[in-house]
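Working notes, beginning with the structure itself.
Fair warning: this is a prediction, and the values are worked out from it, not measured in the lab.
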Amino acid sequence: MIYTELATVALIVDYIVGASGFTQSWRRALARRLQLKEHQLRPLKPFDCATCMTWWTCLAYALIQHDLTLWTVAASAALSLLSIPITDLLLFIREGLSAILRKLFDKL
């Protein structure tokens, strides 16, 4: 059960950090607040790195669930390794659904 929950946590984190645009929004706001250009901001790991955020969030979730074992650490590592392909899959699904909806609405 914990592994399914870890996979769900990884999916949510990868969506928020990699696919939703939330990270770019807060980096833009922070750069504006600090009166810098966005490219001048250094990476703020783990908050703008899907791999790092997946790793730490999965570990924290396993710790909160009192199930921090070697296997959950290994599952967290595997999920963080797969964070880039998961983000790419989420973007592929979003673009595919957008294309389907565009075609449906164009026919109306």
- How far apart are the C-alpha atoms of L30 and L36, what are their side-chain angles, what is the distance that settles it, and do they pass the side-chain contact (heavy atoms from CB on, under 4.5 Å) test? CA-CA 8 Å; L30 181 63; L36 297 170; over 6 Å; no
- Between R94 and A19, is there a donor-acceptor pair closer than 3.5 Å when you use the side chain of the first and the backbone of the second? yes
- Can you measure from CG (L82) to CG (L11) and round to the nearest 0.5 angstrom? 12.0 Å
- Query: Would I84 and F22 show up in the same hydrophobic cluster when neighbours are defined by side-chain heavy atoms closer than 4.5 Å?
  - Reply: no
- Which atom pair, heavy atoms only, marks the closest approach of S76 to L6? OG-CD1, 4.3 Å
- Is it true that M53 and W26 fall in one hydrophobic cluster, defined by side-chain heavy atoms closer than 4.5 Å? yes
- Message: Between S83 (side chain only) and D14 (backbone N and O only), is there a donor and an acceptor less than 3.5 Å apart?
- Response: no
- Task: Sequence neighbours left out, what passes side-chain hydrogen bond (donor to acceptor under 3.5 Å, both in side chains) with E5? Give chain and number order.
- Result: Y61
- Note on the structure: Here the gap from L101 atom CG to D106 atom CG, rounded to the nearest 0.5 Å, amounts to 10.5 Å
- Task: Check the surroundings of atom OH in Y3: do more than 12 heavy atoms from other residues, nucleotides or ligands lie under 6.0 Å from it?
- Result: yes
- Task: Could you tell me whether the side chain of Y15 reaches within less than 4.5 Å of the side chain of T87, counting heavy atoms only?
- Result: no
- Carefully, step by step, assess W71 and I2 under the rule side-chain contact (heavy atoms from CB on, under 4.5 Å). CA-CA 10 Å; W71 294 109; I2 186 74; over 6 Å; no
- Nearest non-hydrogen partners of T23 and D48, listed with the distance: CG2-CB, 3.4 Å
- Item | ILVMFWY network linking I93 to I86, side-chain heavy atoms under 4.5 angstrom | no
- How long is the gap from CG on L90 to CD on E95, to the nearest 0.5 Å? 11.5 Å
- Note on the structure: Residues joined to L63 in its hydrophobic cluster, side chain to side chain under 4.5 Å directly or through other members, sorted by chain and number, are W55, W56, L59, L68, V73
- Task: Quick one: pull up NE2 in H66 and CD1 in I64 and give me the separation to the nearest 0.5 Å.
- Result: 9.0 Å
- Message: Using every non-hydrogen atom in the two residues, find where A77 and S80 come nearest and quote the distance to one decimal.
- Response: O-OG, 2.9 Å
- Query: Just by modelled atom types, is the L79 backbone N or O under 3.5 Å from a matching donor or acceptor in the T54 side chain?
  - Reply: no
